[in-house]
Asks: 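Please find one structure pasted underneath; my questions will follow.
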Amino acid sequence: MARLTMWRGSSCILSLLVVMCVGASAARSAPEESLAAANGTCRSRVEPFGYGCEEHTVTTQDGYILSLQRITSDRSGESATGGGGKVPVLLQHGLMMDGMTWLMNSPNESLGYILADNGYDVWIANTRGTVYSLGHTSLSSSDPAYWNWSWDELASNDLSAMLQYAYDHSSQQKVHYVGHSLGTLIALAALSDQQQHVSMLRSAGLLSPIAFLNKVSSPLALAAADVFLAEALYWLGIDEFDPTGTAVHGLLTDICKLPGVNCYDLMSSFTGDNCCLDNSSVQTFLAHEPQASSTKNMVHLAQMIRRGIIAKYDYGDASDNIKYYGQATPPVYNVSAIPDDFPLFLSSGGKDSLSDVQDVRRLEQALKSHDSDTLTVQYLADYAHADFVLAGNAKERVYGPLMAFFRLQDK
């Protein structure tokens, strides 16, 4: 009876968490999302603005078939694939997002378009589990085994496969990387753990960096850390964490219709008080996000919040950890192991509830041995988590300095 009570309590908390952290998704039109998925990002979001675009797929070592979009020309028609030697940039989205992250606003405001207009060969990543990357060589996304992964696999398998693909198809030119939120954690883990990535990368731009998480100030994220406990998940039996499932979607739609309920504010209560989002960018966001993730991934992030370290997934039992890692506790990712001469750009916000100021400072301290001319740190006091990809003024405040940083590495 105690376990049943825990199950019911956890289920209620889980539902409440979903309602609060992605409540804005209730406004999403399911047919609109289906149409976008059928057409692909190129046809639905890039080509209508006059850019050339190609849809690519790459298969990871563990069989996941991932979608990549390549913006092949800017609005003037100048090609990235016609032998012009354009420098490649790989854009990696965050948790419960997909590659549309970089195309939400107008071409004058979205990083994907801005990079293309500034002469870069733009590659847009979509990690496993998102609507454009549900394929697998042997598994269906309805199989529990399909969702048996966390951000460990995103760092070791998804990033390496997409980076290698972009590198090979860009005349083996070194690639700039830009990550937002979980996309920054993936890069930090890969660079810490797999030095072969350095040979294909020019630099990494980390927007709203996620590394240490024990100072997260969002009460909803802190609630998640309590919800995603191994025993509760055992009873829940959830492998795929889909905040837009039919039941949850209906519940959110009803809640968002209640008098005085502002779903935009619910999103902000999770990410922090975003300063510079306008209604059109929020509506575009609602039409495409959030995306599904694995429950195992959510558990892994919760472990980070509770423990204050960056480590591989903890299976909760010493014998299981020994089976997977050869030791009783999960190996720790040593951010300090990133080569001191590898160029990094860190941009964080003072109002960010997920990438907390104290946690970012701890990351900077871990990188203190980095060469002064290869570590650029930017702090925007009024920015929160979503501002880095949705703010109308991000071009001037974030993307301009980021591209100036890239130009230094391109010399």
Side-chain angles (χ1 to χ4, degrees), residues 22 24-25 27-29 32-33 35-36 39-53 69-71 73-76 89-120 122-126 130-132 176 178-181 183-184 205-208 263-265 267-268 270-291 347 349 351-352 378 380 382-404 406:
V22 295
S25 69
R28 175 192 291 186
S29 165
E32 182 176 358
E33 184 192 37
L35 180 62
N39 287 339
T41 299
C42 285
R43 287 182 61 188
S44 66
R45 193 66 187 168
V46 181
E47 292 171 355
F49 290 111
Y51 294 82
C53 189
Q69 289 77 45
R70 185 185 196 180
I71 302 181
S73 69
D74 59 23
R75 280 179 286 182
S76 71
V89 182
L90 178 64
L91 304 180
Q92 175 61 63
H93 60 82
L95 180 66
M96 294 187 189
M97 302 287 283
D98 63 4
M100 290 291 290
T101 294
W102 310 104
L103 307 168
M104 292 286 187
N105 286 339
S106 72
N108 293 323
E109 297 172 322
S110 299
L111 183 58
Y113 305 120
I114 292 169
L115 286 167
D117 286 335
N118 279 271
Y120 285 97
V122 180
W123 293 84
I124 299 175
N126 297 270
T130 59
V131 67
Y132 300 108
H176 290 299
V178 182
H180 173 245
S181 188
T184 69
L206 309 180
L207 310 183
S208 192
C263 286
Y264 171 78
D265 284 347
M267 183 180 74
S268 294
F270 186 66
T271 64
D273 187 12
N274 300 289
C275 70
C276 306
L277 277 58
D278 60 33
N279 185 62
S280 64
S281 62
V282 172
Q283 292 306 312
T284 302
F285 170 86
L286 298 180
H288 299 281
E289 316 296 348
Q291 297 288 324
S347 184
K351 298 299 179 84
D352 198 327
Q378 181 189 50
L380 302 173
D382 57 342
Y383 259 40
H385 205 68
D387 284 312
F388 290 91
V389 290
L390 289 176
N393 62 6
K395 178 180 180 179
E396 294 77 25
R397 301 191 66 189
V398 182
Y399 307 153
L402 175 63
M403 283 190 293
F406 283 168

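Just the heavy atoms: all of them, side chains too, but no hydrogens, waters or symmetry mates, feed the values below. The shown structure was predicted, so the numbers you read here are calculated from the model rather than taken from an experiment.
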Asks: Which side-chain N or O atoms in residues 97-104 pair as donor and acceptor under 3.5 Å with protein atoms at least two apart or in another chain?
Replies:
residue: D98; atom: OD1; partner: M100; partner atom: N; Å: 3.0
residue: D98; atom: OD2; partner: Q291; partner atom: NE2; Å: 3.3
residue: T101; atom: OG1; partner: D98; partner atom: O; Å: 2.8

Asks: Do any pairs count as a salt bridge (charged side-chain N to carboxylate O under 4.0 Å, His left out) and have a residue in residues 105-117, sequence neighbours left out, and if so which ones?
Replies: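 Found R75-D117.
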
Asks: Rounded to the nearest 0.5 Å, how far apart are NZ of K395 and CD1 of I114?
Replies: 5.0 Å

Asks: Can you check whether Y113 reaches N105 side chain to side chain, under 4.5 Å on heavy atoms?
Replies: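 Counting from C-beta outward, Y113 and N105 never come under 4.5 Å.
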
Asks: Before you tell me yes or no, could you show the steps for V178 and L90 under side-chain contact (heavy atoms from CB on, under 4.5 Å), namely the whole-Å CA-CA distance, both residues' side-chain angles and the distance that decides it to 0.1 Å?
Replies: CA-CA 6 Å; V178 182; L90 178 64; over 6 Å; no

Asks: Quick one: side-chain hydrogen bond (donor to acceptor under 3.5 Å, both in side chains) partners of Y399, sequence neighbours excluded?
Replies: none

Asks: Using the ring pair (Phe, Tyr, Trp, His ring centres under 6.0 Å) criterion, which residues pair with H180? Sequence neighbours excluded.
Replies: H385

Asks: On a heavy-atom basis, which atom in S44 and which in Y132 lie closest, and how many Å separate them?
Replies: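 Scanning both residues completely, I find the closest heavy atoms to be OG-OH, 4.5 Å.
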
Asks: Just how far is it from atom CG of L402 to atom CD of Q378, taken to the nearest 0.5 Å?
Replies: 8.5 Å

Asks: Give, for atom CE of M403 and atom CG of N118, the distance between the pair rounded to the nearest 0.5 Å.
Replies: 4.0 Å

Asks: Compare every heavy atom of E396 with every heavy atom of G392, then report the nearest pair and how far apart it is.
Replies: O-OE1, 4.3 Å

Asks: Quick one: list whatever passes side-chain hydrogen bond (donor to acceptor under 3.5 Å, both in side chains) with D387, sequence neighbours left out.
Replies: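 With sequence neighbours excluded, D387 shows a side-chain hydrogen bond (donor to acceptor under 3.5 Å, both in side chains) to no residue whatsoever.
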
Asks: Decide yes or no for T271 and D352: does some side-chain heavy atom of the first lie under 4.5 Å from some side-chain heavy atom of the second?
Replies: no

Asks: Indicate the atoms forming the closest heavy-atom contact of G52 with S73, along with that distance.
Replies: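 Closest pair (atom of G52, atom of S73, distance): N-OG, 2.9 Å.
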
Asks: Rounded to the nearest 0.5 Å, what's the gap from CD1 on I124 to CZ on R45? Could you check?
Replies: 11.0 Å

Asks: Does any non-hydrogen side-chain atom of L380 lie less than 4.5 Å from one of S347?
Replies: yes

Asks: Considering all heavy atoms of both residues, which atom of N393 and which atom of C276 are nearest to each other, and what is their separation?
Replies: ND2-SG, 3.4 Å

Asks: List in chain and number order the residues that pass side-chain contact (heavy atoms from CB on, under 4.5 Å) with E47, two or more places apart in sequence or in another chain; answer none if no residue qualifies.
Replies: C42, R43, C53

Asks: Test of understanding: with ring pair (Phe, Tyr, Trp, His ring centres under 6.0 Å), list the residues that count as partners of F388, not counting sequence neighbours.
Replies: Y383

Asks: Between L91 and W123, does a side-chain contact (heavy atoms from CB on, under 4.5 Å) hold up when you go through it step by step?
Replies: CA-CA 6 Å; L91 304 180; W123 293 84; over 6 Å; no

Asks: Determine whether Q69 and N126 make a side-chain contact, defined as any pair of heavy atoms from C-beta on separated by less than 4.5 Å.
Replies: yes

Asks: Could you tell me which residues satisfy side-chain hydrogen bond (donor to acceptor under 3.5 Å, both in side chains) with D382, sequence neighbours excluded, listed by chain and number?
Replies: R397

Asks: Only one of I71, L115, D74 clears side-chain contact (heavy atoms from CB on, under 4.5 Å) with Y120; which?
Replies: L115

Asks: Is there a donor-acceptor contact under 3.5 Å from the side chain of S181 to the main chain of G94?
Replies: no

